[in-house]
Amino acid sequence: MQALYQANDEIEAQLLCDWLGASHVRATVLGRYQSAAAGELPALQFPMVWVLEDDDVQRARQLLEEFLSRRAGAQPGVPWCCTCGTEVEAGFDLCWHCGRGRSE
Ligand SMILES: [Zn+2]
């Protein structure tokens, strides 16, 4: 298991997890309820996304880049609804559920 990305909040962490999961990369979010390690100052805990299988790490990094670049280019907007009925975040042009595009 390897750490992939420190998210700014749980929503972002969960979105990334779902994004990875849609590409069959098993990931999990840790750190939400962890207290600071002994001897350290209590720090604000940001959720960390971990990749469960070491073999998936390289693929996960590619997906992470895609995730971040899509989000950076995203219009701050409302989620859109795919023809399959899935609600998709505004930053994504493809439905994570069925893979169809926004305009299809
Ligand atoms: Zn869909």
Side-chain angles (χ1 to χ4, degrees):
M1 193 159 105
Q2 291 200 31
L4 177 69
Y5 178 67
Q6 182 175 298
N8 295 309
D9 55 42
E10 285 183 32
I11 294 168
E12 185 189 29
Q14 193 54 55
L15 276 176
L16 178 56
C17 254
D18 292 346
W19 174 249
L20 294 170
S23 296
H24 309 291
V25 172
R26 296 203 302 139
T28 191
V29 181
L30 294 177
R32 282 179 270 209
Y33 305 112
Q34 284 173 350
S35 55
E40 288 181 11
L41 288 172
L44 208 61
Q45 289 292 313
F46 293 104
M48 180 73 83
V49 177
W50 293 77
V51 177
L52 297 187
E53 310 288 345
D54 289 353
D55 289 349
D56 286 337
V57 169
Q58 205 164 1
R59 171 101 179 107
R61 292 216 174 99
Q62 289 173 356
L63 289 163
L64 171 63
E65 262 180 47
E66 206 176 330
F67 176 83
L68 294 175
S69 66
R70 274 165 186 259
R71 201 186 47 176
Q75 303 290 336
V78 292
W80 53 282
C81 202
C82 177
T83 48
C84 75
T86 303
E87 193 172 88
V88 184
E89 288 291 310
F92 295 94
D93 291 328
L94 291 179
C95 171
W96 57 264
H97 186 251
C98 71
R100 259 175 277 189
R102 186 193 290 251
S103 56
E104 284 175 48

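This is a predicted model, so every value here is computed, not measured. Sequence positions, counted from 1, serve as the residue numbers for this chain.
Note that the CZ atom of Arg59 and the OG atom of Ser23 stand 4.5 Å from one another [nearest 0.5 Å]. The distance from atom CG of Asp9 to atom CD of Gln14, rounded to the nearest 0.5 Å, is 11.0 Å. Separation of atoms CG (Leu16) and CG (Leu63) is listed at 8.5 Å; rounding is to 0.5 Å. Trp19 CH2 to Glu12 CD: the interatomic distance, rounded to the nearest 0.5 Å, is 13.5 Å. Within the model, atoms CE of Met1 and CG of Leu30 stand 4.5 Å from one another, a figure rounded to the nearest 0.5 Å.
In this structure, Val88 and Cys82 approach most closely via the heavy-atom pair CG2-CB, 4.4 Å. Residue Ala60 comes nearest to Val51 through the heavy atom pair CB-CG2, 3.5 Å, listed as atom of the first residue, atom of the second, then distance. Taking all atoms of both residues into account, the shortest heavy-atom contact from Ala22 to Trp96 is CB-O, 3.8 Å. The shortest heavy-atom contact between Cys95 and Cys98 is SG-N, 3.3 Å. Contact record, Asn8 with Phe46: O-CD2, 3.6 Å, taken as the closest heavy-atom pair.
In this structure, Cys81 has no side-chain contact (heavy atoms from CB on, under 4.5 Å) partners at least two apart in sequence or on a different chain. Evaluation of the side-chain hydrogen bond (donor to acceptor under 3.5 Å, both in side chains) rule for Asp54 yields no partner, not counting sequence neighbours. Residues satisfying the side-chain contact (heavy atoms from CB on, under 4.5 Å) criterion with Asp93, sequence neighbours excluded, are Arg70, Arg102. Legend: residues meeting side-chain hydrogen bond (donor to acceptor under 3.5 Å, both in side chains) with Glu53, ordered by chain and number and at least two apart, are Arg26. Ala13 is linked by a side-chain contact (heavy atoms from CB on, under 4.5 Å) to Ala7, Val29, Pro47, Val49, counting only residues two or more places apart in sequence or in another chain. Under the rule for a side-chain contact (heavy atoms from CB on, under 4.5 Å), the partners of Arg61 that lie at least two apart in sequence or sit in another chain are Gln2, Leu4, Val57. For Glu89, the side-chain hydrogen bond (donor to acceptor under 3.5 Å, both in side chains) test picks out no residue, with sequence neighbours left out.
For residues 15-24, no residue pair satisfies the salt bridge (Lys or Arg N to Asp or Glu O under 4.0 Å) rule, not counting sequence neighbours.
Between Phe67 and Leu15, the closest side-chain pair of non-hydrogen atoms falls below 4.5 Å.
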